[in-house]
Amino acid sequence: MSRLGVAVIGTGKMGADHVRRIDEVTSGAGVTAVVDVDAERAKQIAARVDGCTAYTDPAAAMAAADVDAVLIASPGPAHEAALLAALELDLPVLCEKPLTPDAASALRVLEAERKLGRRRVQVGFMRRYDAEYMRLKSLLETGQLGRPLMLHNRHRNAASPAFFTSSMLISDSVAHETDVTRWLLGHEITAVTVLRPRPTASAPEALQDPQFVVFETDGGAVVDVEIFVNCGFGYQVQAEIVCERGTARVGDGHAMVTNMAGRWGGTIAQDFTDRFADAYDREIQAWVDATRRGEVTGPSVWDGYAAAAVCEAGVRALEEGGRMEVQLVERPTLYG
């Protein structure tokens with residue numbers, strides 16, 4: 001395949017960043033269409049890219065002759081309709097997380113892809129493309145550390161958006177740790193418990209922040225996640241794996257340490273697009289390369305469905321208290 005023509009659906013912060021990335025960083029692809037319900041915003045984004053057309057209707061963009069693939073970066077509730085439309089046209093898709101906001105809609109997407117008989121969708125769990133997480137995954141696969149016993153995660157944001165709710169700490173933030181856990185350990189998550197520390201005074205009223213989430217897995221590992229979205233000092237994602245013969249930790253952010261004016265230290269990223277910029281670059285390039293080869297790699301619709309099911313259990317645990325079991329359907333052979 002020659003240059004891949006990509007339609008980007010959603011031109012908010014994430015979508016606009018992907019338009020820039022494909023136009024300026026990625027090789028082998030170009031943005032030929034952008035879609036947004038805000039027509040003026042779509043036109044402004046399209047005007048920055050040669051040969052790009054603005055649309056307000058995702059179906060119209062996907063039907064355009066110069067569109068070979070679709071990148072979905074719209075809000076989660078809009079994903080199902082866009083995914084089903086793309087699958088109907090047999091177009092390859094990279095869908096930002098969440099695949100869909102709930103397990104039932106994710107299953108409908110899974111069934112539509114299964115009927116095609118081949119994978120067409122990659123889910124945008126970008127931490128799988130982060131250099132540190134990739135090294136951790138490689139180390140675990142060597143077996144040098146022995147079997148994983150525990151995984152500790154910290155996920156902190158300087159401040160949460162005004163629209164953030166307590167359940168979104170699970171469904172929008174801990175969704176990443178859900179996928180990281182499944183990917184690093186090779187286990188399915190079987191149960192979720194959510195503990196509620198005293199809320200920080202920095203959190204908006206009625207927002208339960210922070211939360212302490214505990215996963216149990218079918219491989220016998222125990223995983224914890226500190227999710228704290230109003231920590232005040234920056235964006236921080238860290239993980240430490242504890243195994244039978246050793247431990248390994250990523251995310252300390254010690255790429256550069258300065259000594260000056262009687263102080264030593266470094267900087268803390270303030271935003272996920274800063275911390276994971278390289279991961280997004282690798283993710284998009286890998287998707288483009290695979291698509292041009294006629295392949296689909298990376299996180300699958302099954303991974304998106306499993307994350308949705310775990311997050312649903314997590315939200316129930318948050319709202320109702322106690323331990324909630326995760327219910328998954330039988331894994332189709334399409335997904336290994």
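The basis for the numbers below is simple: all heavy atoms, side chains too, and nothing from hydrogens, waters or symmetry mates.
Tyr129 and Leu185 fall into different hydrophobic clusters, where Ile, Leu, Val, Met, Phe, Trp and Tyr are joined by side-chain heavy atoms under 4.5 Å apart, directly or via other members. Follow the hydrophobic side-chain contacts under 4.5 Å out from Val19 and you never reach Val67; the two are in separate clusters. Note: the hydrophobic cluster containing Leu184 also contains Leu145 (ILVMFWY, side chain heavy atoms under 4.5 Å, direct or indirect links). Leu207 and Ile170 end up in the same hydrophobic cluster when Ile, Leu, Val, Met, Phe, Trp and Tyr side chains are linked at under 4.5 Å. Follow the hydrophobic side-chain contacts under 4.5 Å out from Tyr335 and you reach Val93 in the same cluster.
Between Gln285 and Arg282, the closest side-chain pair of non-hydrogen atoms is not below 4.5 Å. The closest side-chain heavy-atom distance from Ile22 to Leu71 is below 4.5 Å. When side chains are defined from C-beta on, Thr178 counts as touching Phe215, because their heavy atoms get closer than 4.5 Å. Side chains of Arg182 and Trp302 form a contact here, defined as non-hydrogen atoms less than 4.5 Å apart. Annotation: side chain of Val49 is not in contact with side chain of Arg20 (no heavy-atom distance under 4.5 Å). The shortest side-chain heavy-atom distance between Arg127 and Val237 falls under the 4.5 Å cut-off. In this structure, the side chains of Phe228 and Arg154 stay at 4.5 Å or more apart for every pair of heavy atoms. At a threshold of 4.5 Å between non-hydrogen side-chain atoms, the residues Asp102 and Glu80 do not count as touching.
Note that the CG atom of Asp179 and the CG atom of Leu99 stand 11.5 Å from one another [nearest 0.5 Å]. Rounded to the nearest 0.5 angstrom, Asp130 CG and Lys137 NZ are separated by 14.5 Å. In this structure, the separation between OH on Tyr133 and CH2 on Trp183 is 9.0 Å, given to the nearest 0.5 Å. Once rounded to the nearest 0.5 Å, the distance linking CG of Leu87 with CZ of Arg108 reads 13.5 Å. Interatomic distance, OG1 of Thr56 versus CD of Glu40, reported as 12.5 Å (0.5 Å rounding). Interatomic distance, Thr217 OG1 to Met150 CE, rounded to the nearest 0.5 Å: 12.5 Å.
The stretch residues 45-59 participates, sequence neighbours left out, in no salt bridge (Lys or Arg N to Asp or Glu O under 4.0 Å) pair at all. The salt bridge (Lys or Arg N to Asp or Glu O under 4.0 Å) pairs that include a residue from residues 155-173 are Arg156-Glu226, where partners are two or more places apart or lie in different chains.
Ser160 and Asn230 form a side-chain donor-acceptor contact under 3.5 Å, judged by distance and modelled atom types alone. Looking at Asp218 and His187, their side chains never bring a donor and an acceptor atom within 3.5 Å of each other.
The closest donor-acceptor contact from the side chain of His79 to the backbone of Ser74 lies under 3.5 Å. The backbone N or O of Thr190 lies less than 3.5 Å from no partner atom in the side chain of Glu216, so there is not a single donor-acceptor pair. Without hydrogens or angle criteria, Thr32 side chain to Asp66 main chain gives a donor-acceptor distance under 3.5 Å. In this structure, the side chain of Asp68 engages the main chain of Gly5 through a donor-acceptor pair within 3.5 Å. Within the 3.5 Å criterion, the main-chain N or O of Ser166 finds a donor-acceptor partner in the side chain of Gln211. With hydrogens and angles disregarded, a donor-acceptor distance shorter than 3.5 Å links the side chain of Gln208 to the backbone of Pro210. Asp36 places a side-chain N or O within 3.5 Å of a backbone atom of Thr11 that can act as its donor or acceptor partner. A side-chain donor-acceptor contact under 3.5 Å links Tyr305 to the backbone of Val329. Glu244 places a side-chain N or O within 3.5 Å of a backbone atom of Arg147 that can act as its donor or acceptor partner. Side-chain atoms of Arg249 never come within 3.5 Å of backbone atoms of His152 as a donor-acceptor pair (strictly under, hydrogens ignored).
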Could you go through Met62 and Ile9, starting from their C-alpha distance and side-chain angles, then the distance that decides it, and tell me whether this counts as side chain to side chain contact (heavy atoms under 4.5 Å, CB included)?
CA-CA 9 Å; Met62 286 188 262; Ile9 300 177; 4.1 Å; yes

I would like to know whether Tyr235 and Asp274 meet side chain to side chain contact (heavy atoms under 4.5 Å, CB included); could you show each step before the answer?
CA-CA 9 Å; Tyr235 181 79; Asp274 181 14; over 6 Å; no

Between Leu334 and Ser300, does a side chain to side chain contact (heavy atoms under 4.5 Å, CB included) hold up when you go through it step by step?
CA-CA 10 Å; Leu334 178 64; Ser300 68; over 6 Å; no

Please test Gln327 against Glu312 for side chain to side chain contact (heavy atoms under 4.5 Å, CB included), starting from the C-alpha separation and ending with a verdict.
CA-CA 10 Å; Gln327 303 296 328; Glu312 279 190 350; over 6 Å; no

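Counting non-hydrogen atoms of other residues, nucleotides and ligands closer than 6.0 Å to CD of Glu319 gives a total above 12. More than 12 heavy atoms of other residues, nucleotides or ligands lie within 6.0 Å of CD in Glu295, so this atom counts as buried by the packing criterion. Applying the 6.0 Å contact sphere to CZ of Arg245 captures more than 12 heavy atoms from other residues, nucleotides or ligands.
Scanning all heavy atoms of the two residues, the minimum distance from Asp209 to Ile227 falls at OD1-O, 3.8 Å. The two atoms that bring Val121 and Val296 nearest to each other are O-CG1, 3.7 Å, heavy atoms only. Nearest approach of Leu136 to Ala248, heavy atoms of both residues: CD1-CB, 3.7 Å. Scanning all heavy atoms of the two residues, the minimum distance from Ser27 to Val288 falls at O-CG1, 3.6 Å. Of all non-hydrogen atoms in Val35 and Ala61, the two that sit nearest each other are CG2-CB, 3.4 Å. Here the closest heavy-atom approach between residue Leu318 and residue Arg196 is recorded as O-NH1, 3.1 Å.
Relative ring orientation between His155 and His176 is described as tilted, the plane-to-plane angle lying within the 30° to 60° band.
Arg21 has a carboxylate O that lies under 4.0 Å from a charged side-chain N of Asp17, or vice versa, which qualifies the two as a salt bridge. Using a 4.0 Å cut-off between charged nitrogen and carboxylate oxygen, Lys97 and Asp303 do not count as a salt-bridge pair. A salt bridge is absent between Arg119 and Glu113; no separation between the charged side-chain nitrogens and carboxylate oxygens falls under 4.0 Å. The pair Arg114-Glu111 meets the salt-bridge criterion, with a side-chain N (NZ, NE, NH1 or NH2) lying under 4.0 Å from an Asp/Glu carboxylate O.
Here the rule is side-chain contact (heavy atoms from CB on, under 4.5 Å) with Leu94, and of Ile284, Ile72, Thr291, Val70 only Ile284 fits it.
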